[in-house]
Amino acid sequence: MKYLSALLMAAMMISCASQPPAPPASAPILSTEQMDPGPFPQDYEIRIISWLRMNADDPDSVKVLSIATPQPKTAEVEVPDKNLRQGEAVWESMVITQGFRGDPAGPAYHRFYFKDGVIRSVDLK
């Protein structure tokens, strides 16, 4: 009888234990395609320079000081108009420019995000 009551007490204590927390609702569920950044963008330098010149007020005033080799990364923000979701795998290249519209005096850092070999998003801040 003693063992039965001890067993029942243990079962009641286990049943009262809290459930493990549910995964956060904000974590996006991404497909296998979204988890792959695609092939390395071989012509990333040409694409970045072309983008900067096409989007500059005065293309001749833009100076590209440095273009870093793209590194795999996950997108930190969602860009719906470019079909890019938060957490999606991309290639990120850091670019230092001078004279691009909105740049402060001196060098400015920009991030270019590639997906499947194409510039999908640019962070000009």
Side-chain angles (χ1 to χ4, degrees):
M1 187 70 161
K2 244 198 292 188
Y3 295 112
L4 181 59
S5 60
L7 183 62
L8 287 175
M9 289 287 278
M12 286 177 37
M13 290 177 77
I14 290 173
S15 66
C16 292
S18 64
Q19 297 292 326
S26 64
I29 298 172
L30 302 173
S31 68
T32 306
E33 179 182 290
Q34 291 169 322
M35 294 306 294
D36 179 22
F40 180 83
Q42 297 293 331
D43 57 349
Y44 68 93
E45 292 173 331
I46 294 170
R47 288 182 180 270
I48 290 171
I49 293 169
S50 297
W51 189 96
L52 287 166
R53 291 185 60 81
M54 287 188 322
N55 291 286
D57 295 333
D58 180 13
D60 293 329
S61 69
V62 177
K63 294 178 186 161
V64 179
L65 304 176
S66 171
I67 300 177
T69 304
Q71 301 297 317
K73 186 172 178 163
T74 56
E76 295 172 0
V77 295
E78 191 159 327
V79 186
D81 58 327
K82 300 290 185 181
N83 197 23
L84 189 63
R85 296 181 62 188
Q86 182 178 4
E88 192 168 342
V90 292
W91 292 97
E92 178 190 58
S93 179
M94 289 291 292
V95 179
I96 303 173
T97 65
Q98 191 170 3
F100 186 72
R101 68 178 157 87
D103 280 358
Y109 292 86
H110 307 295
R111 290 185 171 116
F112 283 75
Y113 298 101
F114 290 85
K115 178 85 175 183
D116 297 321
V118 178
I119 295 173
R120 295 285 290 276
S121 179
V122 179
D123 184 4
L124 296 175
K125 298 176 190 169

Full working for side-chain contact (heavy atoms from CB on, under 4.5 Å) between Asp123 and Tyr113: CA-CA 8 Å; Asp123 184 4; Tyr113 298 101; 4.2 Å; yes

Connected-component partners of Ile96 among ILVMFWY, side-chain separation under 4.5 Å: Leu65, Met94, Tyr109

- request: Kindly state each residue pair satisfying salt bridge (Lys or Arg N to Asp or Glu O under 4.0 Å) with at least one member in residues 48-58, sequence neighbours excluded.
  value: Arg53-Asp60

message: Counting neighbours of CD on Glu76 that are heavy atoms of other residues, nucleotides or ligands and sit closer than 6.0 Å, is the number greater than 12?
response: no

field: SB check Arg85 Glu78 (cutoff 4.0 Å)
entry: no

- prompt: For Glu92 and Gln71, what are the C-alpha separation, side-chain angles and deciding distance, and is it a side-chain contact (heavy atoms from CB on, under 4.5 Å)?
  reply: CA-CA 5 Å; Glu92 178 190 58; Gln71 301 297 317; 5.5 Å; no

Contact summary for Gly99 and Val62, nearest pair of heavy atoms: O-CG2, 4.1 Å

field: Heavy-atom pair with the smallest gap, counting every atom of Pro41 and Gly117
entry: CB-CA, 4.2 Å

Distance-minimising heavy-atom pair for Ile48 and Ser93: CD1-OG, 3.7 Å

- prompt: Are Phe112 and Trp51 close enough that their ring centers fall under 6.0 Å?
  reply: yes

- prompt: Lys115 side chain to Ala89 main-chain N or O, any donor-acceptor pair under 3.5 Å?
  reply: yes

field: Same cluster (ILVMFWY, side-chain, under 4.5 Å), Ile49 and Phe40
entry: yes

- request: Calculate, to the nearest 0.5 Å, the distance between atoms CD1 and CG belonging to Ile67 and Leu52 respectively.
  value: 7.5 Å

message: Are the side chains of His110 and Thr97 in contact, using a 4.5 Å heavy-atom criterion?
response: yes

- prompt: Quick one: does Trp91's side chain have a donor or acceptor within less than 3.5 Å of a partner on Thr69's backbone?
  reply: no

query: Do Val95 and Ser66 come within less than 4.5 Å of each other through their side chains, counting heavy atoms only?
result: no

- prompt: Side chain of Arg101, backbone of Asn55: donor and acceptor closer than 3.5 Å?
  reply: yes

